[in-house]
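Below is one structure, written out as structure tokens, with a few remarks after it.
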Amino acid sequence: MLTIEEVKKIAKLARIDLTPEEESRHADTISVVLDYMKILDEVDTTNVEPTAQVTGLSNIVREDITHECTIKKELLAQMPQVDQNELVVPAVFE
Amino acid sequence: MPNLIPIIGLEIHVELKTKSKMFCSCKNDPDHDAPNTNICEICLAHPGTLPVPNKTAIEWTVKIAQALGCKINTESKFDRKHYFYPDLPKGYQISQYDQPVGEHGKIELDFLPGKNHRDNTTIGITRVHLEEDTAKLTHGTKNETLVDFNRAGVPLVEIVSDPDIESGTEAKAYCQELQAIFRSLGVSDADMEKGQMRCEANISLQEAGQFVIEDCIVKPAKNYTLNPKVEVKNINSFRAVEKAIDFEIARQTKMLENGETWIQQTRGWDNDKNETVLQREKETSADYRYFPEPDIPPFNPSQIAGEINLPELPAAKRKRFHTEYGFSYADAGLLSNDKNWGDFAESTISEMYDWLHNLPETKANAEDTIATQKTQLAKLAGGWITSKLMGAMSERKIDIKILKIKPENFAELIALIFTNRVNSTNAQKILIEMLDSGVDMDPTHIMEEKGYGQMADEDALGKIVDEVIKNNPNQVTQFKAGKEPLLQFLKGMVMKATEGSADPGVAEKLLREKLKN
Amino acid sequence: MKELNTLTIKTARAGLDKKEFTSVELTQACLNRIKERNPELNAFITVCEKEALEEARAADKIITSGKALALTGIPFAVKDAICTAGVRSTASAKILDNYTPPFNATVIQKIREQGGVLIGKNNCDAFGHGASNENSMYGAVKNPHDLTKVSGGSSGGSAVAVADHMCIFAIGEDTGGSIRQPASFCGVVGLRPSYGRNSRFGIMPMASSLDTVGPFTKTVEDMAIVMDIIAGQDSLDATTVPDTVPEYSKTLNKKSKIRIGIPKEYFAFAELNKEIKTVIEEKINSLKKQSYEIVDVSLPYTKYATAVYYIVVPSEDSSNLARMDGIRYGARKQEGNLFELYAKTRDLGFPEEVKRRILIGTYALSAGYYDAYYKKAQQVRTLIKNDFDEVFKKVDVLVTPTSPFTAFNIGEKSNDPLAMYLADVMLIPAAVSGVPAISVPGGKDKNGLPIGIQVIGPRMGEEQVLQIAKQIEDSLQKQTFIC
């Protein structure tokens, strides 16, 4: 069971503003989902390595070479607020 | 009040000077260009963009870890560390969590007698891992923050020390040693003022005998509660490292003595006020939700790095400079901290030995001279490099990298001094001319042209001595009457008349001879 | 002559090269179909009418000059969660309502380099979160076979665009079934390639370790043509494999000796519709008649796949969507301090299901729960993957239903997230294991709704998957299940 308090805590961590109705709805639906996950408790995973990736690849790197980006202007144009080439956000230093 | 032991661990971040960023091909040049010029869709975390790790950055991290005596993990991987902040484009930093590149290393520190409460100590290195730097935030004009992403994604190595440091002096020495190592490896300029190297300190004070350090963690003895630790940030110079830690030790000591306590907290070093200032109190530890980075396959750092031949590290070089050349500990330390200076010093010594083999007054017994006077020679050369040359260069803001004087000519100057062909005053004038000429000038040439050479020629100097005797009859009479100190006055007049170039020994000898009569 | 928009890549290519019609005519036919049908079906969020016609005109010049490439002048559509340079890409979420990526996803770049004409961007479940295409902030997509039914999801708009002939082919994305399930519900061919076969660069991620990008086509032959173009290692995606890519369209009709496994667990689901079971069994029999060896096999960990998936996916998802913050691009709700900017932007920009998955993922990764959820799920994932590794030592492909049921009613499962999650029960095991799987039309139920047959192969085994899919398609005697 996920409590409303827990939902509030995760929502804060995930930076999502929720109304009290949403909090209660998510607490209910997520509890059902988490309950379903208990099926995994049936499985004995002693000494089983977790699979983080399925390709079996390793040591994938790129050479230290620079490549001039040709779309800088367009990237800046996507920014919500720009002042003299710098991105503007609300003050982080309070 | 029981004896309080400061327990200090440092986290050092150092930017690698690779050509490109950590996970994209943007230029790695956070300090020079205008804002947001070294950016692309990958380091701005546009949707769907993916990281591909920089081979050289991994190679250099292995180098650093090896230089610090770490064990290199055969299985390493990147992990995601999550938090929201405008300087973190992806909402997570690609870092390393449980399989860093290197672990379990150490650094040995030595101190000159009286400089620290212990003369030598070993600081354990918990881990060395590779991650990416964040964007740079600055205050805007209004109530806003400006973000420059040139630094976002620059390769950053984090070095975490064991909590083995006990004083500001040790912390500073540890940082300086790391800087010297980074420079000798050629992986970073590690300039703290430029933010290429950053230091965060964790400081607590515990009662002696009431704690143990196990697996890099401070554990309390039975019935003892650990005093909370304080994390200090915003430390931007070696001086600040020392001052911030000493301040914090004093502050915490005073609080404990007054029976006060505090909540675990983060404080910032204020360079102007010379004090640490509370930034935030931590009730619970941050929840970074680490998990393995699914966009990058795991890796074996040593396989990627290939065979690594470490250069001579600063500690070894320091030792060698002292034993092989006879430099003092202080000079050896200064000269081995920077590869360029170390090379300059070594070349100077070997060129100086060459000069001794070639100059008429020394060549007959050069080997003997070198063998018996090694320390004096090194002291002379070391002093002229570390105080005279470095001093003059620093006044002129000349960096060793752009110094025009070659060791051959510098060594010649030292040889001229050693053989008394020029006195110290004039040698300094020659050095300044060499420096200011902007080219690599021959000091003998300057000495001859400007007449800075020591007048040891008895005929030439004899004429000047005659002149001085003639012009100072009163002093001569008094000297002859037994006022010995007046000889120094007369010698001074000879020096003045020769603009300092007279050989003081010869001048004195001539004065005595001529005044006997 | 048939309506131009109903052509396949192969027939369109032939007609264009023989100058039977122009790319402008072909493109206009698709645009007309979109104008006529999209208001009802809602398969497109953005239609690039002007640009597509311009590209078609340029393509016609190239065709005239005899320099046509594989896709020159052929209109295609792209799921809106895939970046297309200069064309708005919203992922069906308001947080990217104004977002125009200045770069192409690698697969899109490859198609563009072969001359494909981008006709528009398809509606989908926001950021791929859903199995019905009802989780779009631009409205649900409707099934062209029955407007009261869902299209399937998450790449529903792309399946519909192909099924309803609004384009010749489309590119979608499959994390747990997002290509195969809508392909099955709409009656088109949809391929989830092996993980690592096609580049994910520029595909807005859901779960990085499962996401794949693949085509929707009208025929298996077209599928092979598109895969020939888009498959392969990409220096921008460290998880693509260096293996050589076979020429799928050349080996498609090769009748290799292929052993077909029938995994019993897929036929034991209580939800499996009888009509579907019958259709699949018929197809299996027909394959048997063509002298393919049929072997009964077992994948014992199948029933745990959905639970694994709904831990791994939200976890990676919560991380991948952290960059959707209104800071560097997209819609920003600037109100109050920085914390409020983040929280309000993300509240308004994501639909409920996206928020739910972010919350589940944040919870599963948070301190104290990681081992119980994420790590445990990744361990069970190993066992599911081992199932496939073992079974593919015995057989070359598996044949199963794509979905236990045909397209369901709009609204039927939208308030029951778990029921919606379980809709992908036959699709998730392959996704979790990273193996390729295709959904190919197999017939229709009594209500005229398409039934999909799934062919699953071993990692990098697209070749035999396509070959068997072709056999199944042929056995339908060229009967089309496209409206």
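Between chain C and the residues B/Ala45, B/Pro89, B/Pro86, B/Pro47, the largest count of heavy-atom pairs under 4.5 Å involves B/Pro47. Between chain C and the options B/Asp295, B/Leu88, B/Ile42, B/Leu44, the largest number of non-hydrogen pairs under 4.5 Å is found for B/Asp295. Ranked by heavy-atom pairs under 4.5 Å with chain B, the list C/Leu236, C/Leu210, C/Leu96 is led by C/Leu236. If you tally non-hydrogen atom pairs under 4.5 Å between each of B/Pro297, B/Ser25, B/Cys24, B/Pro51 and chain C, the highest count goes to B/Pro297.
In B/Lys19, the NZ atom is not crowded: 12 or fewer heavy atoms of neighbouring residues, nucleotides or ligands sit closer than 6.0 Å. More than 12 non-hydrogen atoms from other residues, nucleotides or ligands lie less than 6.0 angstrom from NZ of B/Lys81. The 12-atom threshold is exceeded at NZ of C/Lys344, counting heavy atoms of other residues, nucleotides or ligands nearer than 6.0 Å. Heavy-atom contacts from other residues, nucleotides or ligands closer than 6.0 Å to NZ of B/Lys17 number more than 12. Applying the 6.0 Å contact sphere to NZ of B/Lys229 captures no more than 12 heavy atoms from other residues, nucleotides or ligands. For NZ of B/Lys136, the number of neighbouring non-hydrogen atoms (other residues, nucleotides, ligands) closer than 6.0 Å is 12 at most.
Proximity to chain B is limited to the side chain of C/Tyr99, based on heavy atoms less than 4.5 angstrom apart. Contacts of C/Ser235 with chain B are made by backbone atoms alone, with heavy-atom separations under 4.5 Å and no side-chain atom involved. Heavy atoms of C/Ala367 lying under 4.5 Å from chain B belong to its backbone as well as its side chain. C/Phe103 touches chain B through its side chain: at least one heavy atom from C-beta onward sits under 4.5 Å away, while N, CA, C and O do not. The parts of C/Asn320 that come within reach of chain B are both its backbone and its side chain, each placing non-hydrogen atoms under 4.5 angstrom from that chain. Contact of C/Tyr363 with chain B is not made at all, since no heavy-atom distance falls under 4.5 Å.
Using the six-membered ring where Trp is involved, C/Tyr329 and B/His46 have ring planes that are tilted, between 30° and 60° apart.
Note that the CZ atom of B/Phe291 and the OG atom of C/Ser319 stand 4.0 Å from one another [nearest 0.5 Å]. Once rounded to the nearest 0.5 Å, the distance linking NZ of B/Lys90 with CZ of C/Arg328 reads 9.5 Å. Between the CG atom in C/Leu365 and the OH atom in B/Tyr290 there is a gap of 13.0 Å [rounded to 0.5 Å]. Atom CD of B/Glu293 and atom OG of C/Ser208 lie 6.5 Å apart (nearest 0.5 Å). In this structure, C/Leu338 CG and B/Thr145 OG1 are separated by 8.0 Å, a value rounded to the nearest 0.5 Å. A distance of 6.5 Å separates CG of B/Leu50 from OG1 of C/Thr239, quoted to the nearest 0.5 Å.
For the 3.5 Å distance criterion, the side chains of C/Tyr370 and B/Arg289 fail to qualify, holding no donor opposite an acceptor.
Of all non-hydrogen atoms in C/Arg323 and B/Gly48, the two that sit nearest each other are NH1-N, 4.1 Å.
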